[in-house]
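As structure tokens, the structure follows; a few thoughts come after it.
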Number of protein chains: 2
Amino acid sequence: MISLEGYRIFLHTAKSGNLTKAAQELHITQPSVSYAIKQLEESLGVKLFNRLSKGVELTAEGRALLEYVEPSFSLLEAGETKIRSLKQLETGELRIGAGGSLIRYLLLPYLKHFRTRYPNIRIRLTHGKTPDLAKRLIEGQIDLGIVHMPFADRLLDVRSFMTIQDCFVVGEAYREWSERTLEAEELGRLPLLLLSKGSSTRQFVEQWFAAQSLPLEVDIELGSLELLIELAQLGFGAAFVTRSFVSKELESRSLYELPIREPIPERSVGIALRRDISLSEAAARFVETLTSPLP
Amino acid sequence: MISLEGYRIFLHTAKSGNLTKAAQELHITQPSVSYAIKQLEESLGVKLFNRLSKGVELTAEGRALLEYVEPSFSLLEAGETKIRSLKQLETGELRIGAGGSLIRYLLLPYLKHFRTRYPNIRIRLTHGKTPDLAKRLIEGQIDLGIVHMPFADRLLDVRSFMTIQDCFVVGEAYREWSERTLEAEELGRLPLLLLSKGSSTRQFVEQWFAAQSLPLEVDIELGSLELLIELAQLGFGAAFVTRSFVSKELESRSLYELPIREPIPERSVGIALRRDISLSEAAARFVETLTSPLP
DNA sequence: TCATGATATAGAGCACCTCTATGTCAGAGT
DNA sequence: ACTCTGACATAGAGGTGCTCTATATCATGA
């Protein structure tokens, strides 16, 4: 097999027309260049250079070879440049999957920050429920998934990166309910606004009711958290939401949280990654972004 | 500096998705491949493969790199192929087939020129009639054929490269016939010297007579144009020949052309090649020689 | 639980490249 | 002519780094 280093030396020699100069460029000695050229000539079975008194000059065969070797090395160099720029996050893509409202209410500030910092990384977002995201992850269609915990899969590495606290909120119409601590069973006397079945949040609230042996009567169920919040504000009932997602509304008093004696346990949101593959540079950096506090 | 051998190993590994298989292809051992990939990854500072339990799989960065490395190596390989074919010019051979008198009267100057330019190419000449040449071409026994046009074959690429003009010539004995324009039918009053049946030239002259509804009475028919010309000079009659083949004799007035009212159409001579195989370097150069003017 | 088929690691060995030193040669300058 | 300069070639020593064998480790599927 032909030594590839020989081609690199050939290329420099051909371009400078001078073994000694080529040697300097390559930080090796002139005899090494001489040796390498000789090796290459012998492997190919043709003379590549005519040795003149003032340097070397390509033969017809050498010139023919150069026409291939030069672009070949340009490509390799371009490849190395590409890798460098991927490493510097000057290019690349980041494929994120996230469930329901997490993109809008939780991921958005991180995405904004990341996009400002690395404007040339193409961000692709995929919406999907947790099992769907798991499937996409395993198939390599997304780099990482953002899911409600608990969630586990043999092939996935899921690590919590944020805890969230859920609560019930009401609008002005039911404001008085927020002025004293309620027993859990009293909630049944209010119309309940929940996310549709199948969402992690819905599962979670169902479990909470079940844990206390309380029946759960749902009055309004919606796929969109946005709409849920709006209806709560309009006085349609008590909505089960993550507190931090409505912090603005709570501050501006367009929503009120219902204090409940039986505390709603904390949940956490996790990052799901394929266990056996390493992250792309962009994905790794995004995970860092997620796990360190926003400025 | 990055070891180029590493790229070759990377390429094979990426394509087979399996270090062990790549090692076999490269005739080295699996640990060597493992080592090389690791080296490359460390030099570039990125992981190129995810190690799975059933082989390896490119990472995003690896995939990006492959897009450059693969064409780069294709180029190198093409370069090596080119060199190999150029080398053939040092030792190769050129097998030409040509009909009848074409070798001697048309090809010879080109052959001389080619032989001077590429003295190490062994030239093999095959004599044969057009259909025979076609058969040899198709069977790969010759690289190219020189044939009278028109001629076509599904498997052959035939391109005209020279037009020729035929004429009737006589020796001193019939010189007076050359001093006025003859009607075609007057030719019948001269003894006619033609090439033997089966030759393209004979076919052509027969067609010409037939086109004018003239009977053709052949007095002397020979396989050799050389002899035909000699007999014409000796006054045996009018010979049908290609004008450029006897230009020397016409100049030196050992032969005279008969002016004829009905013009004899031009013919052309073509190069026949096999359509589906690429020419050897030597054959390609010879075709160049034929299609560009002699110095 | 075991067999299978992967990759990773450790450590020895040596091939091949690279170096230093020196030879050879052609051309320019005096 | 002679020498000086700048080039490439050759010889031989030396050491780096690749490659090998042997073995570990790990995941998967039966």
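From a predicted model like this one, the values you see are computed outputs, not experimental measurements. Numbered from 1 within each chain, the chains take letters A, B, ... in sequence-line order.
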Practice item. Calculate, to the nearest 0.5 Å, the distance between atoms CD1 and OH belonging to I229(A) and Y105(A) respectively. Key: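 It comes to 4.0 Å.
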
Practice item. Side-chain contact test, heavy atoms from C-beta onward, threshold under 4.5 Å: evaluate it for E25(A) versus S16(A) and give yes or no. Key: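 Counting from C-beta outward, E25(A) and S16(A) do come under 4.5 Å.
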
Point to revise | Side chains of R8(B) and F73(B) in contact at under 4.5 Å (non-hydrogen atoms) | key: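 Answer yes - side chains close enough.
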
Figure out the [atom1]/[atom2] separation between [X] and [N], and round it to whole Å.
X	N	atom1	atom2	answer
L26(B)	dC18(D)	CG	C1'	14 Å
F49(A)	dA7(D)	CZ	P	15 Å
Q24(A)	dC8(D)	CD	C1'	14 Å
I277(A)	dA6(C)	CD1	P	20 Å
K47(A)	dC8(D)	NZ	P	13 Å
L19(B)	dT19(D)	CG	P	14 Å
E42(A)	dC16(C)	CD	C1'	14 Å
K21(A)	dC8(D)	NZ	P	10 Å

Below 4.0 angstrom from OP1 or OP2 of [N], is there any side-chain N or O of [X]?
X	N	result
R51(B)	dA6(C)	no
K38(B)	dT9(C)	yes
N18(B)	dT7(C)	yes

Exercise for review: Scan R275(A) against the nucleic acid and name what it touches under 4.0 Å (heavy atoms): base, sugar-phosphate only, or nothing.
Suggested key: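 It contacts nothing in the nucleic acid.
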
Review point. What nucleic acid atoms does D276(A) come within less than 4.0 Å of, heavy atoms only: base, sugar-phosphate, or nothing?
Key: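 No contact.
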
Point to revise | Stepwise salt bridge (charged side-chain N to carboxylate O under 4.0 Å, His left out) test for E93(B) and R124(B) | key: CA-CA 7 Å; E93(B) 65 172 17; R124(B) 293 171 180 278; 2.6 Å; yes

Point to revise | Base-contact (B) and sugar-phosphate-only (S) positions in nucleotides 17-30 of chain C, heavy-atom cut-off under 4.0 Å, - elsewhere | key: SBBBB----SS---

Review point. Do we get R285(A) above F114(A)'s six-membered ring, with its NZ or CZ under 6.0 Å from the centre and within 45° of the axis?
Key: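 No; the conditions do not both hold, so R285(A) does not lie above the ring face of F114(A).
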
Output a table of nitrogen or oxygen pairs between the protein and nucleotides 13-15 of chain D separated by less than 3.5 Å.
none

Review point. In terms of heavy-atom contacts, does CD of Q88(A) have more than 12 from other residues, nucleotides or ligands at under 6.0 Å?
Key: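 Counting other residues, nucleotides and ligands, CD of Q88(A) exceeds 12 neighbours.
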
**Study point:** Audit row: Y118(A), F286(A), ring pair (Phe, Tyr, Trp, His ring centres under 6.0 Å) steps and yes/no
**Key:** CA-CA 10 Å; Y118(A) 308 109; F286(A) 188 69; 9.9 Å; no

Check your understanding: Partners of R117(A) by salt bridge (charged side-chain N to carboxylate O under 4.0 Å, His left out), sequence neighbours excluded?
Key ->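 Checked R117(A) against salt bridge (charged side-chain N to carboxylate O under 4.0 Å, His left out); zero matches.
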
Exercise for review: Answer yes or no: is there a donor N or O on one side and an acceptor on the other, between the side chain of T126(B) and the main chain of G97(B), under 3.5 Å?
Suggested key: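 Such a contact is absent between T126(B) side chain and G97(B) backbone.
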
